[in-house]
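Just so we're clear, the structure is a prediction, and the values are computed from it rather than from any experiment. Numbering of ligands and ligand atoms starts at 1, following listing order. Keep in mind that the numbers below use all heavy atoms, side chains included, and drop hydrogens, waters and symmetry copies. Starting from 1, each residue takes its place in the sequence as its number.
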Amino acid sequence: MNSTKNATSNATKDAAVRPLGVLAALPEELGDLIAAMQAESGVVTRTHGKRDYHVGTVHGVPCVVTLARIGKVAAAATTSALIHEFDVEAIVFTGVAGGVGASVHIGDIVVGDTLLQHDMNAEPLFPRFEIPLLGRARFDADRALSQALADACERFVEQEGTALATHFRTATPRVHRGLVISGDQFVASAQAVAALRAAQPDALAVEMEGAAIAQVCHEYGVPCAVVRTISDTADEHASTSFASFLTDIAGTYSTGILKRFLVAYASTSR
Ligand code: SAH
């Protein structure tokens, strides 16, 4: 998990204590993380750019936990603050998303190995989806971090998946890895999701923040990883499915995944 922070920053700050940034859009998507931090180390909250950043140690890992709110600009601004105000060594995003891939069902988990902004279009100046001046449309998440996150998801599904499926009367959740697409739209029609599938046949999930975080992290050389639980399938039922999933179950997923991820992170990275 390399970062390419500049020498001045490294000389003035102890690399061993650089925190991990943990980000979600909505409070439900953080599960019990802030309460767990409060119980473990206490929480120091700093407000910056109208957002609260919660600093402390949780499951053995020094973290800065915050809410980006919804959309790409919100996510990019928050990511930038995590990097420049809090000197995070890496960023992990946790939240919900709409399923796009044919085999991706509500209750499944998608780890975004690659991320793309599906609403970027500067044609004819640049190819469709390409981020102007960066020469690319797709941004890779950090491999080691994504692997650790996927391992945590697998352990979560193994240990809690059957109980979750019984409780919520769904199939046992599966963990997928691949392309996550982001845009400033809540996708909620069969037509819209079909258009996204046609444009990006390998897309697994659609959401509103991940690719913005991946772009900022790419620009600053900070590793990032994105995990999304599928709350809806981006069709006509999306808003009701999203709302009940968020209230009833999103927190259970985030709590279970983040706990396993952070415990492993504490033992390997320090
Ligand atoms: N009305 C909601 C707004 C939620 S927007 C509210 O009350 O706050 C949906 C959020 O969940 C975004 O953060 C996005 O990243 C994710 N998401 C889940 N399903 C989605 C879908 N079908 N399309 C786009 N984003 C989705």
Side-chain angles (χ1 to χ4, degrees), residues 21-31 33 50-52 65-79 82 91-112 114-120 129 139 141 149 153 168 170 173 176 178-200 203-217 224-254 257-258:
V22 182
L23 196 53
L26 303 159
E28 294 86 346
E29 295 173 324
L30 285 177
L33 199 64
K50 299 197 197 301
R51 284 170 182 79
D52 289 338
V65 179
T66 191
L67 294 176
R69 304 203 189 105
I70 295 165
K72 293 187 302 171
V73 172
T78 313
T79 300
L82 281 172
I91 293 178
V92 170
F93 187 99
T94 174
V96 299
V100 175
S103 63
V104 177
H105 303 293
I106 293 173
D108 284 358
I109 304 170
V110 174
V111 175
T114 309
L115 299 106
L116 170 142
Q117 295 170 35
H118 68 76
D119 56 354
M120 172 55 74
F129 307 115
F139 296 90
L149 206 47
C153 293
F168 293 98
T170 55
H176 309 262
L179 176 65
V180 169
I181 57 178
S182 313
D184 286 322
Q185 292 158 25
F186 183 74
V187 181
S189 77
Q191 202 185 359
V193 76
L196 291 176
R197 273 191 205 114
Q200 305 294 338
L204 297 179
V206 63
E207 37 85 312
M208 301 177 71
E209 298 84 17
I213 294 160
Q215 178 182 334
V216 175
C217 284
C224 74
V226 173
V227 60
R228 292 282 185 172
T229 304
I230 302 303
S231 57
D232 59 88
T233 44
D235 56 13
E236 281 74 6
H237 309 291
S239 59
T240 45
S241 180
F242 162 81
S244 60
F245 194 94
L246 193 69
T247 318
D248 296 347
I249 190 174
T252 306
Y253 274 84
S254 284
I257 294 166
L258 288 174

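- Side-chain contact, Asp108 with His176: a donor N or O sits under 3.5 Å from an acceptor N or O.
- Rounded to the nearest 0.5 Å, atoms CG (Leu116) and CZ (Phe139) are 8.5 Å apart.
- The contact shell of ligand 1, taken as protein residues with any non-hydrogen atom closer than 4.0 angstrom, comprises Ala25, Leu26, Ile70, Val96, Ala97, Gly98, Gln185, Phe186, Val187, Val206, Glu207, Met208, Glu209, Arg228, Ser231, Asp232, Ala234, Phe242.
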| query | side-chain contact (heavy atoms from CB on, under 4.5 Å) between Asp119 and Asp184: does it pass, once the steps are laid out? | reply | CA-CA 7 Å; Asp119 56 354; Asp184 286 322; 3.9 Å; yes

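- Annotation: side chain of Leu115 is not in contact with side chain of Ile181 (no heavy-atom distance under 4.5 Å).
- Ile109 contributes atom CD1, which lies 4.0 Å from atom CD1 of Ile257 (distance to the nearest 0.5 angstrom).
- Ionic pairing of Glu209 and Arg228 is present here: one or more N-O contacts between side-chain nitrogen and carboxylate oxygen are shorter than 4.0 angstrom.
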